[in-house]
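Basis for what follows: all heavy atoms, side chains included, without hydrogens, waters or symmetry-related copies.
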Amino acid sequence: VPRISTSAATALFFAGVLGVVSSLFAAEHAPAFVVIVNPQMPQLSGLDRRFLANAFLKKAKEWPDGEAIHPVDLPQTSSTRERFSEEVLHRSTRAVKAYWQQQIFSGRDVPPPELESDEAVVAYVLAHRGAIGYVSGVATLKNARVMRIE
Amino acid sequence: VSFYAAWECLLCVFAAQTSSTSSTAIQADYGSEGRSEQGGLEQTARSSSSTKSLLERLEISDLLSFEVHAFVSPGYIKTTSNNYLAPNTSNGGSPEFSEIGINVTRSLTDELRFGLELYARVLGTTGSFDARFTWFFLDYHWRDWLGFRAGRVKLPFGLYNEVTNTDAAHTPVLLPQSIYDIHNREFLLAQTGAELYGLIRFGVVGDLEYRGYAGSILLTAPSTVFPIGPTVSLVSFNVPYIAGGRIVWNTPVDGLRGAFSLQTLRFDSKLQLAPAMLAMDEARGIVPAGFSGLFSYRVPAVLWVGSIEYTWHDLMFAAEYSRWYLRTQVSPAVLPETFTIQERLYGMVSYQLTHWLQPCIYYSLFYPDTTLRTGPAAYQHDLSITLRFDINAYWLFKMEAHYMHGTASVESSLNGNEPLSMLTSNWVVLLAKTTLYF
């Protein structure tokens, strides 16, 4: 049976505690959401908030290089979506829903697809070159590129 | 689901028949990770063939994933006096205030979409649930600043004209009737023709959305001569042209936008004088002897509306002011030609109080003739309050009350052909409507 010394056990204990504390700290201080795009997109470090809002309202349909924008949403019940709507679209999710009802029934457009989780949004963004989405600040991003909002 | 499965099988069989030399297999993967189509359908199709036919190059999801939306809106209307929008509203109320619609849209490529909506309604003596296409179009969105749409397209007039027939898309049951008169839906909801549109960014100054269109309004000709008053009947009716546009300025102030809409069109009709009226005109020498009584009645019209809307989180304020310029051209001159300027305006406030309750209040004013502003028939003041209950994401219920002062928006034909000036000038409209939609 392998044996470990008291000092090693103490170190392991504190390391564990520190890990828990640091993850709690990270979760506490993580941004409410991060905006992500496909890594194959041209080198863009940040996006104008108004452009981002237009992209998610489908008023802007193309990236600066002409690639089609494929926005993707989280469910309406998502707190991450609520924060994104308030901070980027400057509307509540209810107001956004009302906007889409007007678009749908006037034949103008349909809302972006809604995916059920951060993981699904990341997978979608990685699978589509022009895709853009947002996920919670603690989501695993794989190699999706994070965009700064300007 | 069985529909999609059947389609998939059909395509697989067809692909197998057409790919005997390329050993192609099309696989469908419902719910595959990372591939999601709108409407909840997740489908992926892959081909392992090196030489792909057109069918093989198409993904099954491309062929099958349509976006479908629909609504059913039964309603009820009651007035304290004056029948309004439907017969018998002042006598027990009327359920003849309902509509139903279903639309289908599909993106063929990133730039190309098509869609159509089938719609039916009953509103008093109009509708009777005869279904028609509200809109159908092919839309090519080439760049953000330029898109082209052809078909039957809803008219951008003011802020809300395109959604007047969809209860779920606005808070009040009746949008302010001074601008969005429900009687005008047959004529001013959509046009058949073409439209250019786009979004132009001006940096810190904001964005400008524009739409310009031209076409005509195809109307179903009356199958029989239709009396529109005691002295004249409608024989035929059409709108040979309609053209116009709208610009919307999304200002740098978040949630604030202004718009200006301009529209020109002409209503052409053939009218038939009633025999008694015809004899009277003959006796007075207004028409030659032997005149059949059939005459042309044209109304060239120019309409404009200025709009402002401010949305701040759950608060929304909107106001619009409009003038309509209507000229009549009569040939032969059995009636005097006229020129009328109408004035229409409203202010509206709504607030999302909770996730399920949204109150709305507006004041609306309509002058059918700006040179004549006195007497109850010369104006329509409308003070409205609405409670919208969103029971869940697919079901809503609305209650609404209007205090009306004036009779300018009342139809004489629903009130025993009484002159509007003789109807009750202060009256109340009560409405209830529920909508199921997705």
Atom pair CZ/CG of B:Arg113 and A:Asp109 - distance to nearest 0.5 Å: 4.5 Å
Pick from A:Glu62, A:Glu86, A:Arg50 with the largest number of heavy-atom pairs that fall under 4.5 Å of chain B: A:Glu62
Interatomic distance, B:Thr105 atom OG1 to A:Arg108 atom CZ [nearest 0.5 angstrom]: 12.5 Å
Greatest number of heavy atom pairs closer than 4.5 Å to chain B - which of A:Gly130, A:Gly107, A:Ser92: A:Gly107
Exam field: side chain B:Lys154 to backbone A:Phe105, donor-acceptor pair closer than 3.5 Å: yes
Separation between CD1 of A:Ile104 and CG of B:Asn103, rounded to the nearest 0.5 Å: 7.5 Å
Atom pair OG/NE2 of A:Ser85 and B:His313 - distance to nearest 0.5 Å: 11.5 Å
Distance, nearest 0.5 Å, that separates NZ of A:Lys58 from NE2 of B:His141: 11.0 Å
Partner chain B: residue of A:Ala60, A:Ala68, A:Ala95 with the largest heavy-atom pair count (under 4.5 Å): A:Ala60
Under 4.5 Å from a heavy atom of chain A, the part of B:His355 involved: both
Residue pair A:Asp48, B:Arg201: steps toward the salt bridge (Lys or Arg N to Asp or Glu O under 4.0 Å) verdict: CA-CA 12 Å; A:Asp48 175 60; B:Arg201 300 187 193 94; over 6 Å; no
Toward chain A, the part of B:Gln358 with a non-hydrogen atom under 4.5 Å: neither
Gap separating the CG atom of B:Asp144 from the CD1 atom of A:Ile69, nearest 0.5 angstrom: 6.5 Å
When A:Lys59, A:Gln76, A:His90, A:Arg94 are compared by non-hydrogen pairs under 4.5 Å with chain B, the top option: A:Arg94
Atom group of B:Ala393 that falls short of 4.5 Å from chain A, counting heavy atoms: both
